[in-house]
Amino acid sequence: MSYRAIKAFLFLSLIFVLMSGIDKPTCAKAVSTMNLWEYGNVTTLFSPNWAFVVMPGRRYEFSTTQDNVEPKGTFFYEFFAGPVYTHSFGDIKLKVPLWYYLMYFPQDEADDFYSHNIELLPIVEYYHGDWTFINRVILHNKIYADNSLFTSSEERSGYSLLLRELVRVNYKLSRQVSLTAADEVFLGLIEDSDTKEIATGEPFFAKSGFSRNRLYLGLNTKFGKITTLSTEYVWETNYDPDDDYKLTKIRHYIFLTATFVLKTF
């Protein structure tokens, strides 16, 4: 690794450490879990401007600090599918995915929970030498939520809007490998009017206010022309907007994304 690459790694690591500065006594009171998070992304390019993405995922909890509670094992499946529009303006690239998103929560002693969602993800990427600066916004529109607390079709069919904004910095170490660091915030903008007094937050409709933050640090590695493996550590902190943003849970993830790009033109 070159001296310049070492400096870049230390710089991104410093960003990660500074952004993760939470009071340790507060953290000690929150339940903490260790998890595996996996995605398989197949992107088919139909032209320089249009693509279609299919991306299933799974999350698995293998340890928890909660007393007298066993790790959940697989606690969440997800599935994305939809088109992506891309346009370049010199060193700036604009991407606009519009995806259907299925969220599925297996339950041990009740019917499984699931929801239907529409994701609009405007993304702006700026390229400068070996650096790439990315701003990605997710407008997470939940239109249906099936769970044990919603007992009528009016409660299950509703609407909420969650804003997720991620800022990412990538540094290219070589043609195949790049470092990556990111921060993502979750902000509920619209609550469902029929169910907000029953329950809010996944697997229900979104809760208003700031509820979650994720920090990412890892590597992107290319294998040949069509395959990329992203390997990241993610530190997720969860907060209760109704209780003075009290820290309620910390999730540590090993986050793996395998991306396959198929070009048809």
Side-chain angles (χ1 to χ4, degrees), residues 1-21 36-53 55 57 80 83-97 99 119-138 164-186 213-237 252-265:
M1 184 181 294
S2 68
Y3 175 66
R4 190 170 57 148
I6 293 173
K7 288 200 300 181
F9 176 76
L10 293 176
F11 174 70
L12 294 180
S13 299
L14 178 61
I15 292 175
F16 184 90
V17 171
L18 291 176
M19 291 190 300
S20 64
L36 176 65
W37 183 1
E38 304 166 308
Y39 278 142
N41 180 322
V42 178
T43 298
T44 304
L45 304 176
F46 296 105
S47 75
N49 299 110
W50 286 100
F52 194 89
V53 171
M55 186 168 68
F80 297 85
V84 181
Y85 175 75
T86 301
H87 191 82
S88 296
F89 306 87
D91 294 332
I92 298 175
K93 181 180 290 185
L94 172 66
K95 297 180 180 179
V96 187
W99 293 345
E119 311 294 292
L120 178 63
L121 300 85
I123 304 167
V124 177
E125 301 176 351
Y126 172 63
Y127 298 86
H128 181 73
D130 293 328
W131 295 90
T132 304
F133 303 91
I134 302 169
N135 187 83
R136 185 221 66 197
V137 174
I138 295 181
R164 295 170 51 182
E165 183 164 11
L166 178 143
V167 177
R168 182 178 293 278
V169 179
N170 294 340
Y171 178 78
K172 187 182 295 185
L173 297 175
S174 67
R175 294 180 63 182
Q176 288 77 34
V177 181
S178 61
L179 292 168
T180 184
D183 180 66
E184 181 179 22
V185 296
F186 290 62
N213 191 83
R214 285 180 182 155
L215 293 165
Y216 303 75
L217 182 65
L219 290 172
N220 299 321
T221 306
K222 291 184 177 181
F223 299 91
K225 294 182 178 180
I226 69 169
T227 305
T228 301
L229 178 64
S230 174
T231 306
E232 296 178 274
Y233 163 68
V234 181
W235 184 24
E236 176 187 288
T237 47
H252 304 273
Y253 285 103
I254 300 169
F255 183 23
L256 305 175
T257 304
T259 300
F260 307 91
V261 178
L262 309 177
K263 187 175 181 180
T264 64
F265 62 94

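Position 1 is the first residue of the sequence; numbering continues from there.
Atoms CG and OG1, from Asn220 and Thr231 in turn, are 8.0 Å apart once rounded to the nearest 0.5 Å. Considering CG of Leu120 and CD1 of Ile138, their distance stands at 10.0 Å, rounded to 0.5 Å. In this structure, Trp37 CH2 and His252 NE2 are separated by 14.5 Å, a value rounded to the nearest 0.5 Å. Atom CD of Glu38 is separated from atom OG1 of Thr257 by 9.5 Å, given to the nearest 0.5 angstrom. Once rounded to the nearest 0.5 Å, the distance linking CZ of Phe52 with CG of Leu262 reads 13.0 Å. Atoms OG1 and CD, from Thr228 and Gln176 in turn, are 10.5 Å apart once rounded to the nearest 0.5 Å.
Taking all atoms of both residues into account, the shortest heavy-atom contact from Ser178 to Lys172 is CB-CA, 3.9 Å.
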Quiz: residues 40-51 side-chain donor-acceptor pairs under 3.5 angstrom, not counting sequence neighbours:
unit_1 : atom_1 : unit_2 : atom_2 : d
Asn41  : OD1    : Thr43  : OG1    : 2.7
Ser47  : OG     : Asn49  : N      : 3.2
Ser47  : OG     : Trp50  : N      : 3.1
Asn49  : ND2    : Thr86  : O      : 2.7

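Within the 4.5 Å cutoff, the side chain of Phe223 has heavy atoms near those of the Leu229 side chain. Contact of the Pro97 side chain with the Ile123 side chain is registered, since non-hydrogen atoms from C-beta on lie closer than 4.5 Å. Under the 4.5 Å side-chain criterion, counting only non-hydrogen atoms from C-beta, Lys95 is in contact with Glu125. Side chains of Arg175 and Lys222 form no contact here, defined as non-hydrogen atoms less than 4.5 Å apart. Ile134 is listed as a side-chain neighbour of Thr132, based on a closest heavy-atom distance under 4.5 Å. Looking only at side-chain heavy atoms (C-beta outward), Val177 and Leu219 come within less than 4.5 Å of each other. Between Asp183 and Val167 there is no side-chain heavy-atom pair separated by less than 4.5 Å. Two residues are said to be in side-chain contact when any heavy atoms from C-beta on lie closer than 4.5 Å; Val84 and Trp99 meet this criterion.
In this structure Ile254 satisfies the side chain to side chain contact (heavy atoms under 4.5 Å, CB included) test together with Leu36, Leu256, sequence neighbours excluded. Not counting sequence neighbours, the partners of Glu165 by the side chain to side chain contact (heavy atoms under 4.5 Å, CB included) test are Asn135, Val137, Val185.
A salt bridge between Arg214 and Glu232 is absent, with no side-chain N of the basic residue lying under 4.0 Å from a carboxylate O of the acidic one.
Between Phe133 and Tyr126, the angle of the ring planes stays under 30°, which puts this pair in the parallel group of the 30/60° scheme.
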Before giving the answer on side chain to side chain contact (heavy atoms under 4.5 Å, CB included), spell out for Glu184 and Glu236 the whole-Å C-alpha distance, their side-chain angles and the decisive distance to 0.1 Å. CA-CA 9 Å; Glu184 181 179 22; Glu236 176 187 288; over 6 Å; no
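Taking the ring centroids of Tyr233 and Trp235, they lie at or beyond the 6.0 Å cut-off.
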